[in-house]
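What follows is a short report on a single structure.
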Amino acid sequence: MQLFKPLETDKGEDKSDCKTTEKICCLIIGSGPAGYTAAIYAARANLKPVLYTGLQQGGQLTITTDVENFPGYPEGVSGPEMMEDLRKQAEKFGTDVRFGIATSSDFSGKPLKVTFDGTAEIVADVIIIATGATAKFLGIPAEKKYAGMGVSACATCDGFFYRGKDVAVVGGGDTACEEASYLANLCSKVYMIVRRDVFRASKPMQHRVMTAPNIEILWKCQLDDLFGTNGVEGAVVVREKGTPEEEKFNIKIDGLFLAVGHTPNSDIFKPWVETGETGYIITEPGSTCTRVPGVFAAGDVMDYVYRQAVTAAASGCKAAIDAERYLTEML
Ligand code: NDP
């Protein structure tokens with residue numbers, strides 16, 4: 001049943017600033033599990049979605065190895081393969097998937113506008129922001145060298161591969177404590193490399209790691225380097241860096257987990273939608289609605305708590321349903 005009539009695509013030329021302008025019904029920005037799931041639902045609801053992938057097509061899962069915790073894959077699946085399957089599924093129902101990076105937005109009135117690559121302006125009735133978050137890195141060469149070979153930014157995704165082994169977590173916030181607690185249940189030993197002599201994490205999280213028998217906290221320490229022939233075999237840690245007491249020492253580890261924060265990819269929407277202190281888009285409780293009618297947010301750009309492929313996919317589904325209901329009410 002067709003609930004409403006989507007706008008016809010109407011390509012035009014905005015000669016004043018050399019932008020092309022295209023009018024569509026439903027714009028989805030981002031190609032992680034949230035974006036593609038929103039696209040599957042929106043396409044099946046006849047919203048004729050156009051999805052822009054962003055720079056990292058497939059999102060954060062394309063840089064993980066095996067995904068073993070997404071329901072429906074008893075043998076596990078590689079991150080890139082799963083994202084390819086999601087893309088195909090979205091396209092099967094008619095999603096127009098395009099490569100492009102959102103460079104500016106204008107939600108000051110209707111219609112809603114987003115510009116891609118500085119040149120293509122999309123004018124839409126509804127917009128689903130599913131731009132995800134980017135894990136922060138320390139910026140040392142070893143992180144790149146051992147990416148996918150012992151360095152990870154997600155314990156829930158990759159911790160299983162280090163069962164019975166020794167690992168280290170860098171960071172002292174809630175994420176680091178949560179990752180360390182999770183890993184402590186799987187690994188023999190977990191080091192926490194904390195750059196100050198205090199945690200940033202909340203008190204209950206601090207308590208959890210400080211009382212775990214197999215977590216050792218290395219206070220006032222920073223990661224200097226990693227070593228190993230076929231993957232990570234150890235880390236060089238520096239204590240009290242830049243002081244007369246500075247000392248370097250090695251720890252034997254098989255995996256390193258970075259938990260020094262994530263940056264939600266919300267910058268270009270900040271003038272319009274509400275964001276929290278750390279940049280995550282705030283949605284109405286129990287829905288994906290932002291404070292701008294017709295603009296919805298899904299996945300890691302609005303969720304700093306769960307950050308899983310399956311929860312991102314679920315919120316993408318919710319965003320498409322919220323968008324469809326919004327359009328129905330508008331008619
Ligand atoms: P945070 O920004 O809170 O913490 C980052 C941690 O990494 C800090 O300890 C920081 O040290 C350290 N750090 C940053 N840069 C470096 C660096 N270059 N070298 C070494 N250490 C570094 O990020 P989180 O991801 O932990 O949390 C983000 C938000 O999400 C927070 O508001 C948090 O409360 C929330 N959250 C909530 C959860 C929940 O409710 N279950 C779970 C996870 C997160 P320093 O303290 O010295 O700056």
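When a ligand or atom number is given, it counts from 1 through the structure's own listing order. When reading the values below, keep in mind they use all heavy atoms of this one structure, side chains included, and skip hydrogens, waters and symmetry mates. Keep in mind that this is a model prediction, so the values were computed, not measured. In this chain, residues are counted from 1 in sequence order.
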Inter-residue atom distance Ser105.OG - Ile268.CD1, 0.5 Å rounding: 5.0 Å

Identity and separation of the nearest protein heavy atom to atom 23 (O) of ligand 1: Gly261 CA, 3.6 Å

Element-labelled atoms of ligand 1 that are located less than 4.0 Å from some non-hydrogen atom of Glu178: 41 (N), 42 (C)

Protein contact of atom 38 (C) of ligand 1 - nearest heavy atom, named by residue and atom, plus distance: Asp174 CB, 4.1 Å

Subset of ligand 1 atoms that lie under 4.0 Å from at least one heavy atom of Gly172: 6 (C), 7 (O), 8 (C), 9 (O)

Protein heavy atom at shortest distance from atom 30 (O) of ligand 1: Tyr304 CD1, 3.5 Å

Side chains of Asp106 and Ser108, donor plus acceptor under 3.5 Å: yes

Asn265 side chain to Thr134 side chain, donor-acceptor N/O pair below 3.5 angstrom: yes

Sequence-distant partners of Phe70, ring-ring contact (aromatic ring centres under 6.0 Å, His included), two or more places apart: none

The one among Val260, Leu138, Leu223 that brings a heavy atom closest to atom 7 (O) of ligand 1: Val260

Contact check, Ala259 vs ligand 1, heavy-atom distance below 4.0 Å: yes

Basic-acidic side-chain contact under 4.0 Å: Asp267, Lys270: yes

Protein non-hydrogen atom found under 4.0 Å from atom 43 (C) of ligand 1: yes

Contacting atoms of ligand 1, where contact means under 4.0 angstrom from a heavy atom of Gly173: 4 (O), 6 (C), 8 (C), 9 (O), 26 (O)

Nearest-contact summary for atom 32 (O) of ligand 1 - protein heavy atom, Å: Thr278 CG2, 4.5 Å

Residue-ligand contact Arg196/ligand 1, heavy atom below 4.0 Å: yes

Short N-O contact, Glu178 and Arg307, less than 4.0 angstrom: no

Mutual orientation of the aromatic rings belonging to Phe257 and Tyr162 [parallel < 30°, tilted 30-60°, perpendicular > 60°]: perpendicular

Electrostatic pair Glu84:Arg87 at N-O distance under 4.0 angstrom: yes

Cluster companions of Tyr306 among Ile, Leu, Val, Met, Phe, Trp, Tyr (side-chain spacing under 4.5 Å): Tyr280, Tyr304, Val305

Closest to atom 11 (O) of ligand 1 among Met205, Arg195, Arg200 (heavy-atom distance): Arg195

Proximal candidate to atom 25 (O) of ligand 1 [heavy atom criterion; set Thr175, Val194, Val305, Ile140]: Thr175

